[in-house]
K.L.:
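Have a look at the structure that comes next, please.
Counting from 1, the numbers follow the sequence of the chain as shown. Both counts, for ligands and for their atoms, begin at 1 and track the order of listing. Because the structure is a prediction, the values reported are computed rather than measured.
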Amino acid sequence: MSEPVLTELNGGVLTVTLNRPEKKNAITQAMYAALAEATNRARTDDAVRVLLFRAEGDSFTAGNDIADFIAVGQSGGGQVTEAPVFHFLKALAHLDKPAVAAVRGRAVGIGLTMLLHCDMVVVAEDALLSAPFVNLALAPEAASSLLLPMVVGHQRAFEIFALGEPIDGRLAHAWGLANRAVPVDQVDATATDLAAKIAARAPNSVRKTKRLMRDTERLWALMQEEGQAFGSQMSSPEAMEAFMAFTQKRAPVFG
Ligand code: COA
């Protein structure tokens, strides 16, 4: 079986590919661990100048694997900040080298919120980005409760969170979530070109520029705060109803 997360270093660009297309690249605990490792490598390995996230198949990612949500929810939630997803979020918050994303198809949940930590985002015009945390009776994560309203404004961010309906790539671009919206067959090439351009710039200058633009400690503190809300929701009856409804392919009924 091929690995669900692939990495390749080429010309200073560390490309990380989500490779579980049969499940729309839904991210399991093991995949978060691999994403955390790759993101930490990007920060610490001098050979890496740019991190590029992309995906195989027709979707960027369907977000967190819902079977994992059910398992964690049924086990009582545990200390959510110990989970592999948090290792990935911590690595993203602390990444001080540029990250680029190439997004085709669906980008759900963390598939959208991780883009808020990327410095350049290329989306397909017909990509569909959504953060249906409330539909799953959960709460925003990845510091998106701060970063999404900062990028798109409060009302748009609230709509994205509370209604959970997707916005397409053109709208994501118009709202400032993406640098480029291009035809789907040009997404990977456009993102690869941008990553190569950044990799050719003076690396210390690029790194200092990114550091000055972000408050890492604030982001990480907020991620942990959000994690408490997310964790307590995860083991709630309303979340379990939402997860079961997904697996049973029906609409949830909340009280
Ligand atoms: N977790 C686990 N499995 C998932 C998944 C997820 N988040 N998203 C999709 N899959 C699986 C489906 O169960 C299905 O598996 P099966 O073929 O064994 O039945 C397979 O991936 C294909 O998904 P399907 O729903 O048939 O594709 P679609 O094109 O009709 O819809 C999505 C794609 C992304 C819109 C839909 O799968 C979806 O809504 N997924 C859940 C997204 C979500 O809420 N994620 C959590 C965010 S916090």
Side-chain angles (χ1 to χ4, degrees), residues 1-2 4-5 18-35 53-74 77 80-81 83-86 88-89 92 101 103-117 123-124 126-145 147-148 157-169 171-172 177 184 223 226-236 238-254:
M1 205 181 77
S2 58
V5 176
L18 296 167
N19 185 35
R20 197 188 176 210
E22 72 286 359
K23 293 288 182 186
K24 307 282 172 189
N25 294 314
I27 307 178
T28 61
Q29 301 297 302
M31 289 167 72
Y32 281 123
L35 288 169
F53 291 108
R54 65 173 298 279
E56 284 300 322
D58 63 10
S59 290
F60 184 61
T61 172
N64 203 104
D65 188 284
I66 290 186
D68 274 2
F69 271 157
I70 293 173
V72 175
Q74 284 174 338
V80 74
T81 51
V85 59
F86 263 83
F88 177 48
L89 295 182
L92 276 180
V103 179
R104 288 177 289 107
R106 293 275 182 172
V108 187
I110 196 159
L112 189 164
T113 60
M114 67 184 279
L115 304 180
L116 300 165
H117 297 273
V123 291
D126 61 355
L128 289 173
L129 285 63
S130 58
F133 301 116
V134 172
N135 288 353
L136 288 169
L138 295 171
E141 32 90 297
S144 60
S145 60
L147 296 175
L148 190 60
F158 186 83
E159 182 172 346
I160 289 171
F161 285 139
L163 297 188
E165 289 166 1
I167 59 169
D168 70 18
L171 193 55
L177 278 165
V184 66
M223 286 174 177
E226 290 171 341
Q228 300 309 319
F230 197 99
S232 62
Q233 276 304 112
M234 190 126 91
S235 48
S236 68
E238 57 186 25
M240 203 46 70
E241 163 60 12
F243 303 156
M244 288 305 171
F246 175 77
T247 56
Q248 293 162 8
K249 301 190 190 291
R250 62 172 173 82
V253 181
F254 298 117

K.L.:
Under the rule for side-chain hydrogen bond (donor to acceptor under 3.5 Å, both in side chains), what residues qualify as partners of Glu22, not counting sequence neighbours?
P.N.:
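By the side-chain hydrogen bond (donor to acceptor under 3.5 Å, both in side chains) rule, Glu22 matches no residue at all.
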
K.L.:
Just do the salt bridge (charged side-chain N to carboxylate O under 4.0 Å, His left out) check on Asp58 and Lys24 with the steps written out, would you?
P.N.:
CA-CA 7 Å; Asp58 63 10; Lys24 307 282 172 189; 3.1 Å; yes

K.L.:
Where does the angle between the aromatic ring planes of Phe230 and Phe69 fall among parallel (under 30°), tilted (30 to 60°) and perpendicular (over 60°)?
P.N.:
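Because their plane-to-plane angle lies in the 30° to 60° range, the rings of Phe230 and Phe69 count as tilted.
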
K.L.:
Would you list the atom pairs, donor with acceptor, under 3.5 Å between side chains in residues 126-142 and any protein atom, with sequence neighbours excluded?
P.N.:
from: Asn135; atom 1: ND2; to: Leu163; atom 2: O; distance (Å): 3.4
from: Glu141; atom 1: OE1; to: Thr113; atom 2: OG1; distance (Å): 2.6

K.L.:
Present, as a list of atom pairs with distances to 0.1 Å, all nitrogen or oxygen contacts under 3.5 Å between ligand 1 and the protein.
P.N.:
from: ligand 1; atom 1: 1 (N); to: Ile66; atom 2: N; distance (Å): 2.8
from: ligand 1; atom 1: 7 (N); to: Ala62; atom 2: O; distance (Å): 3.3
from: ligand 1; atom 1: 7 (N); to: Asn64; atom 2: O; distance (Å): 3.0
from: ligand 1; atom 1: 15 (O); to: Lys23; atom 2: NZ; distance (Å): 3.2
from: ligand 1; atom 1: 18 (O); to: Lys23; atom 2: NZ; distance (Å): 2.6
from: ligand 1; atom 1: 45 (N); to: Ala62; atom 2: O; distance (Å): 2.8

K.L.:
Please enumerate all residues that pass side-chain hydrogen bond (donor to acceptor under 3.5 Å, both in side chains) together with Arg54, with sequence neighbours excluded.
P.N.:
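Arg54: side-chain hydrogen bond (donor to acceptor under 3.5 Å, both in side chains) contacts with Thr17, Glu56, Asp188.
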
K.L.:
Begin from the C-alpha positions of Leu35 and Leu18 and carry the test side chain to side chain contact (heavy atoms under 4.5 Å, CB included) through to its verdict.
P.N.:
CA-CA 9 Å; Leu35 288 169; Leu18 296 167; 4.1 Å; yes

